[in-house]
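Reading through the structure tokens given below for one structure.
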Amino acid sequence: MDVIVAGDRAELDVARTELGVGRLALVPTMGALHEGHRSLIRLAGEHADQVAVSIFVNPLQFAPNEDFSRYPRTFMDDLEVCQEEGVRLVFAPSADYMYRPDRQVSVSAGEMGAIVEGAFRPGHFDGVLTVVLKLFNLVRPDVAVFGRKDAQQLALIRRMAADLDLPVEILGAPTVREPDGLALSSRNRYLSAADRATALSLSTALNEGSSRATPPEVRQAAREVLDAAAHADPPLLLDYLALVEPATFTEIPDGHVGDAVLAVAARVGTTRLIDNVVVTFG
Ligand code: PAF
């Protein structure tokens with residue numbers, strides 16, 4: 001069956017009627033779909049009768065110095081991926097439709113949006129939560145699927161759903177990796193061969209860290225890999241390495257028992273990459 005493409009609320013309403021009743025899953029994306037997105041779509045399909053994908057490069061979540069204008073836009077290829085994966089509805093609004101010039105109200109990610117990743121990208125999570133809430137209101141899914149690679153984003157979306165009583169179930173999907181460990185990302189296409197070799201130290205650091213038994217050992221093992229990569233060519237420029245509580249993203253104490261997220265963000269050449277892994281203590 002062909003994918004229905006909708007660009008506004010009226011077209012979405014027609015599409016919803018065409019799809020009929022049943023549980024609808026939404027996979028929000030910024031396009032440039034890769035194997036990781038395919039895995040989100042497949043997970044969505046296991047939890048709903050129909051899957052919708054939104055494709056929207058959200059200007060609100062990019063700071064002026066970030067890569068909004070060069071973010072890959074591959075709409076026709078994305079449609080093909082959706083078709084292959086059995087997606088029934090693609091919502092691809094314009095920026096003008098999503099953000100009226102006179103708009104006033106937006107979502108605040110609160111203190112949790114200003115730590116770890118948020119400390120390096122002020123306002124980023126406000127922009128993410130605002131667009132995700134708008135997508136939920138427009139598409140009205142029963143369930144929505146997000147990647148665990150963006151672990152703080154996922155935690156904040158869960159938090160928004162709980163704090164604002166949103167009638168949508170939030171699911172996290174495992175990170176998909178290249179055979180050598182590099183986490184899939186739409187931004188990987190910016191990496192040269194040399195950048196890519198340096199970028200591998202992110203997943204290596206997470207692997208080294210997560211094989212240790214206590215929080216101080218985890219931090220130290222991961223940091224040693226990242227320190228070595230700082231002398232590579234091109235060098236890895238570390239933004240942060242954090243070992244945090246999964247739901248709040250606050251730093252865990254040394255005696256922590258239970259799950260923690262070991263998260264890293266770094267720049268290689270002109271590309272900024274993030275990755276994380278869950279570590280269980282005790
Ligand atoms: O993870 C992403 O691709 C984006 O942050 C999202 C959730 C689609 C919001 O623009």
Side-chain angles (χ1 to χ4, degrees), residues 6-7 25-41 43-44 51-63 66-75 77-78 81-82 85 87 89-99 103 106-109 112-113 116-118 120-139 141 143-161 164 166 168-176 183-190 249 261 263 265 271-276:
L26 174 66
V27 180
T29 80
M30 298 205 296
L33 303 184
H34 51 64
E35 209 46 53
H37 295 108
R38 286 184 190 262
S39 80
L40 303 184
I41 293 168
L43 183 69
V51 178
V53 167
S54 62
I55 299 177
F56 179 62
V57 185
N58 173 32
L60 225 57
Q61 67 189 75
F62 291 81
E66 293 182 350
D67 59 349
F68 173 70
S69 54
R70 74 163 184 155
Y71 197 86
R73 286 156 172 92
T74 57
F75 187 67
D77 291 345
D78 294 344
V81 170
C82 290
E85 295 298 332
V87 169
L89 170 64
V90 166
F91 179 48
S94 68
D96 288 347
Y97 181 75
M98 289 297 270
Y99 299 121
R103 70 186 187 87
S106 56
V107 180
S108 163
M112 192 179 155
V116 194
E117 180 74 359
F120 287 84
R121 301 186 71 186
H124 168 69
F125 288 120
D126 295 353
V128 169
L129 294 189
T130 299
V131 82
V132 168
L133 182 60
K134 286 172 70 74
L135 291 169
F136 286 174
N137 286 336
L138 286 157
V139 180
V143 52
V145 182
F146 298 86
R148 291 196 197 127
K149 187 171 89 64
D150 295 297
Q152 190 172 1
Q153 167 175 286
L154 175 60
L156 275 161
I157 290 166
R158 286 191 197 285
R159 193 66 203 243
M160 173 173 74
L164 302 185
L166 305 184
V168 55
E169 185 187 347
I170 307 296
L171 294 179
T175 301
V176 179
L184 293 196
S185 162
S186 301
R187 291 184 167 100
N188 288 356
R189 65 187 74 196
Y190 304 147
F249 265 68
V261 175
T271 308
R272 187 171 183 278
L273 299 167
I274 61 171
D275 199 356
N276 72 83

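Indexing begins at 1, ligand by ligand and atom by atom, following the structure's order. Counting begins at 1 with the first residue of the sequence.
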Check the angle between the aromatic planes of Phe56 and Tyr99 and answer parallel, tilted or perpendicular using the 30° and 60° thresholds.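 It falls in the tilted class, 30° to 60°.
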
Using the side-chain contact (heavy atoms from CB on, under 4.5 Å) criterion, which residues pair with Ala32? Sequence neighbours excluded.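 Result, side-chain contact (heavy atoms from CB on, under 4.5 Å) vs Ala32: Pro72, Thr74, Ser186, Arg189.
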
Taking the side chain as every heavy atom from C-beta outward, state whether His124 and Gln152 have any atom pair closer than 4.5 Å.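 No, every pair of side-chain atoms sits at 4.5 Å or beyond.
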
For ligand 1, find each of its N or O atoms that sits under 3.5 Å from a protein N or O atom, and tabulate the pairs with distances to one decimal place.
residue	atom	partner	partner atom	Å
ligand 1	1 (O)	Gln153	NE2	2.9
ligand 1	5 (O)	Gln61	NE2	3.0
ligand 1	5 (O)	Gln153	OE1	2.7
ligand 1	10 (O)	Gln61	OE1	2.6

Counting only heavy atoms from other residues, nucleotides and ligands, does the tally under 6.0 Å from CZ of Arg159 exceed 12?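 No, the 6.0 Å shell around CZ holds no more than 12 heavy atoms from other groups.
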
Which residues share a salt bridge (Lys or Arg N to Asp or Glu O under 4.0 Å) with Asp67, sequence neighbours left out: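 Arg187.
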
Going by ring pair (Phe, Tyr, Trp, His ring centres under 6.0 Å), name the residues that satisfy it together with Tyr97, two or more places apart in sequence or in a different chain.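 Partners of Tyr97 under the ring pair (Phe, Tyr, Trp, His ring centres under 6.0 Å) test: none.
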
